[in-house]
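Chain identifiers are assigned alphabetically (A, B, ...) following the order of the sequence lines, protein sequences preceding nucleic acid strands; residue numbering begins at 1 within each chain. Computed over heavy atoms, backbone and side chain alike; hydrogens, waters and symmetry mates excluded.
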Number of protein chains: 2
Amino acid sequence: MTSSERPRRRGRPTAPLLSQEKITRAAVELIEIRGYTALTMAALARQLGVAPSALYNHVSSKRQLLLWLQDHVNQEIDCSDFGARPWDAALESWARSYREAYARHALLVPVIAVTPIAGSPHTVAMYEKVAAGLRAGGWPDDQVMDVVVAVESFVLGSALDAAAPDDIFDVPGDQAPVLAAVVGARVGRDTARAAFDLGLATVLAGLRDRLKALGT
Amino acid sequence: MTSSERPRRRGRPTAPLLSQEKITRAAVELIEIRGYTALTMAALARQLGVAPSALYNHVSSKRQLLLWLQDHVNQEIDCSDFGARPWDAALESWARSYREAYARHALLVPVIAVTPIAGSPHTVAMYEKVAAGLRAGGWPDDQVMDVVVAVESFVLGSALDAAAPDDIFDVPGDQAPVLAAVVGARVGRDTARAAFDLGLATVLAGLRDRLKALGT
DNA sequence: GGGCTAAATGAGCGGCATTCATATTGTCTC
DNA sequence: GAGACAATATGAATGCCGCTCATTTAGCCC
């Protein structure tokens with residue numbers, strides 16, 4: 001135990017120990033192993049074999065780190081169907097992939113929802129592809145972003161819901177009999193998934209109708 | 001400056017200075033005046049004219065305080081249309097009211113999304129009313145909560161979106177021409193509101209269709 | 001009136017993000 | 001090659017924050 005610490009060099013190393021790439025990867029690893037509460041600058045530095053203050057030569061703040069993380073997570077979202085399949089099918093697979101990615105990163109949701117995308121290249125590329133797909137599908141320019149944001153709102157809300165415990169609506173039957181009954185009527189299912197599926201199907205059906213109505 | 005401090009008594013006061021009611025009200029005031037980042041236990045104690053440690057005789061943790069806050073905010077949500085109007089009209093006014101309440105309390109969203117409702121009486125009452133309204137509208141028991149959760153997911157996602165800056169999608173036109181074009185096509189509008197309106201109308205239309213289809 | 005309990009105070013703890021002085025080394029310039 | 005400079009590490013220190021604890025005081029009950 002006493003000799004396991006490699007001698008830490010002071011001063012500039014031959015090759016940089018850190019980079020955006022390495023820091024982001026380490027953060028993802030840390031989160032996957034020990035969860036979001038374990039993501040502290042000290043723990044991250046530890047993971048990288050470096051002093052906490054060294055991080056600040058590469059990342060300006062923890063918030064900045066979360067933005068890197070956001071862009072990294074957005075890379076995992078599959079939007080390849082846009083341009084290859086009809087807009088509604090592409091929107092559906094995009095939404096599913098989007099939800100899955102953020103169900104694993106629910107703590108990022110409130111961050112990404114309010115952060116400008118300009119500094120995140122992969123994120124910009126994703127929206128570009130989605131916007132182009134909707135436009136090509138016949139949506140008028142002034143409604144494309146409304147559709148995107150509406151679907152995205154549903155997806156992010158559903159990602160939060162997916163992070164909730166299964167028994168979140170459990171309640172003593174004498175206080176709220178109807179609630180207890182309808183909650184009881186769905187036991188056994190993957191409830192978050194069922195709600196998402198119902199909502200997504202509903203949204204897509206509504207959007208198809210709306211676009212059709214626009215054409216007349 | 002030197003004499004303005006009222007002499008703080010040590011030990012038990014004649015009448016309690018604190019209660020759940022008073023603490024919650026003070027927290028709401030603090031948030032409305034100085035925002036969520038200003039909501040610290042120290043600042044809250046200051047607002048109440050009390051030492052920080054005194055709070056812990058009444059509230060077990062800051063998380064507990066946020067749950068009180070949640071129940072308080074949920075009280076503001078109007079679900080009076082359930083039972084008075086058709087289920088879809090009631091769902092719409094509920095969703096609008098819900099979104100407005102949490103647009104002002106976006107930081108609570110990630111907390112409420114994953115917290116069991118059992119300890120929050122007003123919250124339970126709200127869901128009871130919503131569930132009863134949907135059931136009375138003809139929704140089968142095993143789908144009521146899916147509908148509620150789907151709509152709620154959309155509402156909470158939209159509340160987060162409402163807290164975002166207007167220029168969140170602004171991006172240099174050469175990087176993402178289509179995105180820049182469709183973002184530009186909606187300038188001037190209240191964009192978050194427009195996306196919510198489109199999404200809500202879409203969801204409601206889809207739900208009406210789905211319920212109709214169930215009947216056949 | 002003696003003991004129990006409720007409810008305040010203030011000191012202090014550990015964890016956190018962040019800053020700063022300092023050290024070391026590679027690179028560029030003359 | 002020497003000297004200046006920039007990049008990048010270390011480790012000590014700072015300040016905020018949630019929270020705990022020993023202590024004090026006042027009301028209530030027997």
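Judged purely by atom type and a 3.5 angstrom limit, Ser61(A) uses its side chain to pair as donor or acceptor with the backbone of Gln64(A). Distance alone, capped at 3.5 Å, is enough to place a donor-acceptor pair between the Asp71(A) side chain and the His122(A) backbone. Remark: side-chain polar atoms of Gln175(B) are not paired, donor with acceptor, to backbone N or O of Val124(A) under 3.5 angstrom.
Rounded to whole Å, the distance from CG on Leu44(B) to P on dC19(D) is 12 Å. Rounded to a whole Å, the CZ atom of Arg46(B) is 13 Å from the P atom of dC16(D). As rounded to whole Å, 14 Å separates atom P of dG11(D) from atom CG of Leu55(A). As a whole-Å value, the separation of Arg10(B) CZ from dG27(D) C1' is 18 Å. One interatomic measurement links the two molecules: OH of Tyr56(A) to C1' of dT14(D), which rounds to 13 Å at whole-angstrom precision.
Mapping heavy-atom proximity under 4.0 Å, the span of DNA chain C touched by chain B runs 5' to 3' from dT5(C) to dG10(C).
Both Ser53(B) and Ser53(A) lie close to DNA chain D; mapped to their nearest nucleotides by heavy-atom distance, the more 5′-ward contact belongs to Ser53(A). Of the residues near DNA chain D, Pro52(A) and Pro52(B), the one whose nearest nucleotide (by heavy atom distance) lies more toward the 5' end is Pro52(A).
The base of dA9(D) sits with one of its N or O atoms less than 3.5 Å from a complementary donor or acceptor on the side chain of Asn57(A).
Of all non-hydrogen atoms in Ala150(A) and Gly199(B), the two that sit nearest each other are CB-CA, 3.8 Å. Contact between Arg63(B) and Thr115(B) at its shortest, heavy atoms only, is NH2-OG1, 2.9 Å.
Residue contacts shown for Thr40(A) are limited to sugar-phosphate atoms, with no base heavy atom under 4.0 Å away.
Listed by first and then second residue, the salt bridge (Lys or Arg N to Asp or Glu O under 4.0 Å) pairs that reach into residues 24-43 of chain B are Glu21(B)-Arg25(B), sequence neighbours excluded.
Between dG18(D), dA9(D), dT25(D), one nucleotide has an atom nearer to the side chain of Lys62(B) than all others, and that is dG18(D).
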